[in-house]
Chemist: 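Got a structure here, written out as structure tokens. Questions coming.
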Amino acid sequence: MATILITGGTGYIGSHAAIQLFEQGRFNVVSIDNQLRSSIKALDRIEAISGRRMTNYSIDACDLHAVEEVFEAHPDIVGVIHFAALKAVGESVEHPLFYYRNNLESLVNMLACCEKYHVANFIFSSSCTVYGDIAVEELPVTEKTITTEAASPYGATKLMGERIIQDFIVSTDKVKAIALRYFNPVGAHESGLNGEEPIGRPNNLVPYITMTASGLLEQLTVFGGDYNTRDGSALRDYIHVTDIADAHLLALDYLMEGRNTAPYERFNLGSGNGVTVLEAIAAFEKASGVKLNYRVGDRRPGDVEQIYSDSSLAKEKLGWETKYDINDMMASAWKWQLELNKTKEKQQS
Ligand code: WQD
């Protein structure tokens with residue numbers, strides 16, 4: 001059975017992709033993840049759901065020699081999915097060099113190893129943050145929307161990452177690539193046995209909501225109530241993490257079956273629905289039955305006002321269809337938070 005190498009396999013999106021790959025049953029899956037922003041417990045969760053124990057190499061993807069050793073140990077790798085990256089917009093504004101080194105050096109290493117070890121299929125975890133601040137008349141964004149200045153160092157690492165891949169693909173005929181531009185991945189596996197587990201105080205909205213709702217955090221601050229949106233709070237395109245994971249399996253098949261129409265293609269992965277922060281809170285309250293304690297505060301540096309996607313290209317070329325709506329996202333996130341809290345209470349008793 002051929003192997004797919006994923007980086008960030010114990011992380012939020014990587015672990016959900018590993019579950020989908022194992023359940024599909026066509027590939028062995030190995031991971032590179034040093035648990036900088038994830039927990040090794042993800043291996044237990046993946047196994048509990050899929051019945052498969054993923055091999056994870058706890059090495060830094062920025063360490064080229066260590067990465068080469070993984071490729072040498074697995075000569076049957078036929079595809080790489082590069083999830084591993086730091087991804088908090090706010091944090092990247094405070095620590096830009098940390099983001100540039102981590103996100104770009106790891107990408108360069110993975111590409112170099114694909115060429116050296118003859119791995120022809122490369123999928124890159126990109127982001128809607130490559131679009132930067134979008135004028136409302138340009139929404140929804142398509143893959144043709146001009147990517148200008150990213151609004152944060154995080155977004156800049158994704159924009160530069162896409163350019164690095166482009167220049168690399170032009171320089172070699174050995175590798176084909178796809179960049180998947182995620183909008184806002186949220187939610188958890190429908191079983192309630194895997195989900196997002198931020199380390200410390202969460203940067204992202206939905207884990208902040210669920211931790212506040214379960215009393216682990218005092219109050220959610222809505223970052224900005226004076227945006228030019230229908231209710232003044234910022235607008236995003238939330239997409240269920242399992243829908244995102246499924247897109248990676250379709251993208252792999254698209255490349256491996258030779259259906260790609262160019263050696264490097266980019267696809268939006270969003271639900272196509274714009275939801276404001278206040279609407280996301282209302283959807284959570286409806287799905288969980290819990291009233292959320294929140295206040296409206298100042299804007300967060302690096303945030304864009306509003307963005308949502310036209311993801312019809314992924315539907316047309318990859319055959320990708322979203323299965324979950326905002327209520328499923330909030331209900332699954334809440335179910336996962338309750339599961340997490342139960343596990344932590346058991347550990348403390
Ligand atoms: C969402 C909205 C905040 C926390 C994310 C990922 C990034 C990329 C794009 C994939 C914003 C508001 C948040 C809080 C709030 N995805 N918010 N209070 O910044 O859109 O970026 O999606 O690559 O990796 O980070 O997501 O969840 O941080 O914020 O009001 O306590 O929620 O201002 O409007 P963001 P987020």
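Counting convention: from 1, in listed order, for ligands and their atoms alike. Reckoned from all heavy atoms, side chains included, excluding hydrogens, waters and symmetry mates.
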Chemist: Around atom 12 (C) of ligand 1, find the nearest protein heavy atom and jot down its residue, atom name and distance.
Modeler: V277 CG2, 3.8 Å
Chemist: Pairs of nitrogen or oxygen atoms closer than 3.5 Å, one from F183 and one from ligand 1: do any exist?
Modeler: yes
Chemist: Using heavy atoms and a threshold below 4.0 Å, how should the contact between N204 and ligand 1 be classified: side chain, backbone, both, or neither?
Modeler: both
Chemist: Counting only heavy atoms, which portion of K158 has something under 4.0 Å from ligand 1: side chain, backbone, both, or neither?
Modeler: neither
Chemist: At what distance is the nearest protein heavy atom to atom 24 (O) of ligand 1, and which residue and atom is it?
Modeler: K87 O, 3.1 Å
Chemist: Would you say Y208 has any N or O atom under 3.5 Å from an N or O of ligand 1, going by distance alone?
Modeler: no
Chemist: Should you measure from each heavy atom of V222, which atoms of ligand 1 turn up under 4.0 Å away?
Modeler: 30 (O)
Chemist: Tell me which one of Y294, F83, F223, Y238 gets a heavy atom nearest to atom 17 (N) of ligand 1.
Modeler: F223
Chemist: Is the number of heavy atoms from other residues, nucleotides or ligands under 6.0 Å of R163 CZ greater than 12?
Modeler: no
Chemist: Does only the side chain of V304 get under 4.0 Å from ligand 1, or the backbone, or both, or neither? Count heavy atoms.
Modeler: neither
Chemist: So if I count the atoms of ligand 1 from 1 in the order they appear, which ones are less than 4.0 Å from some heavy atom of L220?
Modeler: 14 (C), 18 (N), 31 (O)
Chemist: Heavy atoms only, cut-off 4.0 Å: how does P185 contact ligand 1, side chain, backbone, both, or neither?
Modeler: side chain
Chemist: Are any of the N/O atoms in L205 less than 3.5 Å from those in ligand 1?
Modeler: yes
Chemist: Before signing off on this row, confirm whether R300 and ligand 1 have an N or O atom pair separated by under 3.5 Å.
Modeler: yes
Chemist: So which protein heavy atom does atom 34 (O) of ligand 1 come closest to, and at what separation?
Modeler: A234 CB, 3.2 Å
Chemist: Does the side chain of L111 come within less than 4.5 Å of H82's, by heavy atoms?
Modeler: no
Chemist: Decide whether an N or O pair under 3.5 Å exists between S127 and ligand 1.
Modeler: yes
